[in-house]
Number of protein chains: 2
Amino acid sequence: MAPREGRSSRKTPREPLSSERIELAALKLIEQQEGLPAFSQRALARRLGVEAMSLYHWYPSQLDLMNALFDRVVGSLGVPASGTPVERLRAVSLAFRELALRHPAFVGGFVLPHRFNTAVGLALLEAMLRVFHDAGLDAAAASRRFRTWMHFLMGALLDETSGYARGPGAGAPPPDDDVARQFPLVAALGPYNKPAHHEAQFKAGLEAVLRGL
Amino acid sequence: MAPREGRSSRKTPREPLSSERIELAALKLIEQQEGLPAFSQRALARRLGVEAMSLYHWYPSQLDLMNALFDRVVGSLGVPASGTPVERLRAVSLAFRELALRHPAFVGGFVLPHRFNTAVGLALLEAMLRVFHDAGLDAAAASRRFRTWMHFLMGALLDETSGYARGPGAGAPPPDDDVARQFPLVAALGPYNKPAHHEAQFKAGLEAVLRGL
DNA sequence: ACCTGAACACCGTTCAAGT
DNA sequence: ACCTGAACACCGTTCAAGT
């Protein structure tokens, strides 16, 4: 969308690095084309117009940069402080989904498979648990319900970011007419796998799970 | 567990490669130590006592090898043909969990984030969908319930393989007493995060979700 | 048919050095 | 304080060659 960095400015003094600039460029790069697998310190540096080693002045390692991205993304989530428990859980669930759709490669590839044990991640978990606490549940009951809900949420978002919806699959899947012949029930689900149905599916699944709690 | 390959046999003619031997060694290597990130064609070849390029005689690329591992692992799952729908879903859910615990790095890192669109993967999906079909549901209703259940299952297994249970987290998480002070509800859940509780949590969550359907 | 050696274009990271 | 160049130990993969 912009043939800017590597080409133009030769004499204009280069905009200095900053964690803000690095992190925004990283998040943008991760969501482009080949996603997380194609993300590298060297590719990021190239995009920023610096040498790869410059990044080590700002983050001691690639993992530290990734953790900064995690905090930046997860830190944008909040849990409403008022409303019924179900309303509050519904709100943060939908907000998490919006976030995942905004950063599918990063959320699916890094956020979901990682423990939320940064200060920012723990603060989010604490706010979520407060909903269950406010509903009058003790630790054992809260743990059960919290985890069941989270498992549905993680699975649904994994599916929309890395799974059947857009994620990688086999290199040479069977052709469609073979699928129709050998796996008729799978084939019959085809229409419901379209992105147009995802939001409705997510909301219906969420209500079913909240009901089951 | 065995100082065998790289050391001893110099004069004994090396056991020839085979896809069986390669795949078993790969699955074993993936579950060792540093997991999927440390897995490489070169490391696998080293372990097998051959050069990395030899693997290309058996699989055209690393991705093809991974897909073969996917089929080998996922192909071991089956859905009971008889029983009530809930019994059949419960059985395959528990079997999937056992499989995930036997291959946590591979299931969490490769199977769950990938589309089940190999012939083997599609056959499993078809068998799962047959349960919903046998329950008399039309395609729309089956799709809703199937996906909600799968989302819970994927999320739960992701958590047990790559998430809070054993997966990677921030390099420098806040120390425990800081957590206890700032995030008391999170800290109160500590005891329930122990592996001893995982099976009970999984079963309880599964029943809640099946009830919600 | 099965395996190898050399080479190419990549990685993350360290270290000493430049401004 | 901020950035760089050269180097090290890795990657996956191609290609021509060995047996």
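Every value quoted in this text rests on a predicted model; they were computed, and no experiment measured them. When reading the values below, keep in mind they use all heavy atoms of this one structure, side chains included, and skip hydrogens, waters and symmetry mates.
Rounded to whole angstrom, the span from the OH atom of B:Y59 across to the P atom of C:dC2 amounts to 13 Å. B:L55 places its CG atom 10 Å from the P atom of C:dT4, with the value rounded to the nearest Å. Taking atom CD1 of B:I22 as the reference point, atom P of C:dC2 lies 11 Å away to the nearest angstrom. Note: CD (B:E15) to P (C:dC2) measures 15 Å, nearest angstrom. Straight-line distance from the CG atom of A:L65 to the P atom of C:dT13: 10 Å, rounded to whole Å. Atom CD of A:E51 is separated from atom P of C:dT14 by 17 Å (rounded to the nearest Å).
In this structure, the separation between NE2 on B:H133 and CD on B:E126 is 9.5 Å, given to the nearest 0.5 Å.
Using the Watson-Crick or G-U wobble rule with both distances under 3.5 Å, C:dT14 pairs with D:dA6.
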Should A:Q32 and A:R47 be marked as a side chain to side chain donor-acceptor pair (under 3.5 Å) after you check the CA-CA gap, both sets of side-chain angles, and the distance that decides it?
CA-CA 12 Å; A:Q32 259 165 19; A:R47 213 188 140 91; 2.9 Å; yes
Is there a side chain to side chain donor-acceptor pair (under 3.5 Å) between B:Y59 and B:E23 once you walk through the steps?
CA-CA 11 Å; B:Y59 307 90; B:E23 291 167 22; 2.5 Å; yes
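Here the two rings, on A:F202 and A:H198, have centers that are 6.0 Å apart or farther. A ring-centre distance under 6.0 Å is found for A:F70 and A:F116.
Distances from the side chain of B:Y56 to the nucleotides D:dT13, C:dC3, D:dC3 place D:dT13 closest.
Looking at residues two or more places apart in sequence or on another chain, you find a salt bridge (Lys or Arg N to Asp or Glu O under 4.0 Å) between A:E207 and A:R90.
The shortest distance between the side-chain N/O atoms of B:S54 and the OP1/OP2 oxygens of C:dT4 is below 4.0 Å. Distances shown here put a side-chain N or O of B:W58 below 4.0 Å from the OP1 or OP2 atom of C:dC3.
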Show me the protein contacts with nucleotides 7-11 of chain D, counting only N or O atoms at under 3.5 Å.
residue : atom : partner : partner atom : Å
D:dC11  : OP1  : B:S40   : OG           : 3.3
D:dC11  : OP1  : B:R46   : NH2          : 3.4
D:dC11  : OP2  : B:R46   : NH2          : 3.4
D:dC11  : O5'  : B:S40   : OG           : 3.4

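A donor and an acceptor atom, one from each side chain of B:W149 and B:S93, are located under 3.5 Å apart.
Take the nearest nucleotide of DNA chain C for A:S61 and for B:L17: the residue whose nucleotide is more 5' is B:L17.
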